[in-house]
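In what follows, a structure is listed as structure tokens, so that the remarks can point back to it.
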Number of protein chains: 2
Amino acid sequence: MASHGARGRSGGRPTLEEVAARAGVGRGTVSRVINGSPRVSDATRAAVEAAVAELGYVPNTAARALAANRTDAIALVVPEPETRFFAEPYFSDMLKGVGAELSDTEMQLLLIFAGSDRERQRLAQYLAAHRVDGVLLVSVHADDPLPDLLSQLEIPAVISGPRSARESLASVDSDNYGGARSAVEHLLSRGRRHIAHITGRLDVYGAQRRVDGYRAALRDAGHDADERLIEAGDFTEEGGRSAMVELLRRRPDLDAVFAGSDVTAAGARQALREAGRRIPDDVALVGYDDSAIARHMEPPLTSVRQPIEEMGRAMIDLLLTEIADRRPAASRGLERHQVVLATELVERASS
Amino acid sequence: MASHGARGRSGGRPTLEEVAARAGVGRGTVSRVINGSPRVSDATRAAVEAAVAELGYVPNTAARALAANRTDAIALVVPEPETRFFAEPYFSDMLKGVGAELSDTEMQLLLIFAGSDRERQRLAQYLAAHRVDGVLLVSVHADDPLPDLLSQLEIPAVISGPRSARESLASVDSDNYGGARSAVEHLLSRGRRHIAHITGRLDVYGAQRRVDGYRAALRDAGHDADERLIEAGDFTEEGGRSAMVELLRRRPDLDAVFAGSDVTAAGARQALREAGRRIPDDVALVGYDDSAIARHMEPPLTSVRQPIEEMGRAMIDLLLTEIADRRPAASRGLERHQVVLATELVERASS
DNA sequence: ATCACTTGTGGGAGCGCTCCCACACTACCT
DNA sequence: AGGTAGTGTGGGAGCGCTCCCACAAGTGAT
């Protein structure tokens, strides 16, 4: 009795109502069983479950979403071009943690790229349509309007990286400051005295914090910071190479380099090689991220490991909590969830 | 007047009805405007569009999905562990093509991994719930039950790679057979006579086809196929290395290697180096995929380029057509869409 | 003037759920 | 006996759309 032309194909998926009829109970009871409500007698539950199995019933997500005003889906938003997503191990590790933590949930994960303006446009539409219950925002840049949009739309969200003061979103971060400190302290303990730093992209909060940590470690050790020992990179190999060239020109006497990422370190290594400097004999090198690159570099690279996978897990935990008590961060006052995970220095032959 | 406790939060999203009231028209008319029906007068359309803009109306996807029985979303299913997804450039190129082709559509793309049994279980649930309008299946293995499941559920789907006889799904493939032929013919034309082949994983159709092409090229050139010149790899670097070691042991006189992928070629190169063979002087090497690895190898690797991005585009085209005329492949008889795109040999210093 | 279309429009019915109120029934106190 | 909980259950109302039927109004042929 399909009244709409487009319906009734595909052999007719069974509905709640049909399951109820089959089990000899009411619609509400079946709904309770499906949703795991405790207020159902064991006998009834068994009868309903049998009917569900016989009919091969699968709930209609659209109907549920409409009635209950939730989608059972969350989005992992990557505000970067896809290229970077695949190039940086950060994202794949993050995805692994997120996926693992989500695997015993009913939640569906969507991956959304928002690198170009056009993609951002689409994303805004998407969020406005409330097609997800929550958002994981990885790699937030300074002045990014996304966090504001999110809290305006009152969509639960968790960002990775440090949170700037004005934002009211929950966040998970690794201790970039401490990680940088430990790298520099390590180099100092190895007797290095002229330690340079190639930064990451400074519009990424984390990179900025690493610079702070670098400065603090030097200051605490009684070294005066020489600005000529700091050069901006951009997380790319080429950026690392050219920054290294520049540093060697300015301070030919440097004996150690702390790079803002492993990829940057790879670029720096190249420049050092070309300049005839041996690693670690002439110049010690330390990277950041402890990615596969670090292990495979020649010589193997000392690097600061971030617990990225754990960060992913933590982000999901926070987000699910946030969704569960449906009160977006903004409206719950100042008390905001912020998790900071420790880093670990992995020592290898390059330092 | 929110009757459900959970509703009416978030400042009340405007509904179709409210837009209709504001524009002084009926519900149906607004729906027609939203969906771009031509049967609306210009004046009315303008009035509705104004109301939409003033109210900031965004259609409720769940309601639409429920009423129209479509989701405006398609899934890109990767039947592989995530690790492989990130490791092989194939997927990122594919994703790029798919994304590009989809960007002027309303369709949402979901990325779903189905590497483990558990993930497959979830996927089956997901598909049974008809949460997507169509599926893109990349990297299908032999005996994979997914294609059958898909046609059973009557979900429009397109697979990448050659289609086995029994499947009724549309497919897009690159010419693996021809690509392999061209690689071998190239090596022959360079005067190589003992050409070995390290295969990909043979449960992947494409890898099998490459073996066929390799054999055919040799046969046509009047060489008798020596099975000792063929060794199975698995698309990994380590697999390529150990296969090469084995080949060198069996046929120390070989003077060329055609590898099933660039990554495999990288492994082979390593083994050749260790054995003291120079590339291309002693042994010529050709890869497959023309990925970034090929360009950066030392020496740069000759490789067969597959138009992966174009494949992604073509898959989307097919799928959207399939969805548009809502008739899944199976029910439309034998005439099935199958697109095969040509490959191109990119010559570099390794051969 | 009549008929036969075509074009534009309004609104009822229905998609398959969830939420919640109402009600029956039991158990245990006063 | 009457009250007061608590427990399990049925089903109405409603979520915000799309589809389609009905109908008004216009257009041209007869």
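Chain A is the first sequence line, chain B the second, and so forth, proteins listed ahead of strands; every chain is numbered from 1.
With respect to A/F85, the ring pair (Phe, Tyr, Trp, His ring centres under 6.0 Å) criterion is satisfied by exactly one of B/F85, B/F86, B/F91: B/F86.
The stretch residues 25-42 of chain B touches DNA chain D through B/R27, B/S31, B/R32, B/N35, each having a heavy atom under 4.0 angstrom from the strand.
Distance CD (B/E18) to C1' (D/dG16): 10 Å, rounded to an integer number of Å. Residue B/L66 contributes atom CG, which lies 17 Å from atom P of D/dG14 at whole-angstrom precision. Atom C1' of nucleotide D/dC17 and atom CD of B/E17 are separated by 10 Å, given to the nearest angstrom. Between B/N60 atom CG and C/dG16 atom P the separation is 17 Å, expressed in whole Å. Put simply, CZ on B/R131 is 15 Å from C1' on C/dG16, counting in whole angstrom units. In this structure, CG of A/N69 is placed 11 Å from C1' of D/dG16, rounded to the nearest angstrom. Regarding A/R70, its CZ atom lies at a distance of 10 Å from the C1' atom of C/dC17, rounded to whole Å. Rounded to whole angstrom, the span from the CG atom of B/L16 across to the P atom of C/dG11 amounts to 14 Å.
Rounding to the nearest 0.5 angstrom, the gap separating the CZ atom in B/R32 from the CZ atom in B/R39 is 9.0 Å.
Checking D/dG8, D/dC17, C/dC19 against every side-chain atom of A/T44, the shortest atom distance belongs to D/dG8.
Considering all non-hydrogen atoms of both residues, A/N60 and A/A62 come closest at OD1-N, 2.8 Å.
Side-chain atoms of A/T71 do not come within 3.5 Å of backbone N or O of A/A65 as any donor-acceptor pair.
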TODO: Please assess B/E54 against B/E49 for the test side chain to side chain contact (heavy atoms under 4.5 Å, CB included), listing each intermediate value before the final yes or no.
DONE: CA-CA 9 Å; B/E54 285 165 32; B/E49 279 167 353; over 6 Å; no
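Under a 4.0 Å N-O distance rule, the pair B/D144/B/R120 qualifies as a salt bridge.
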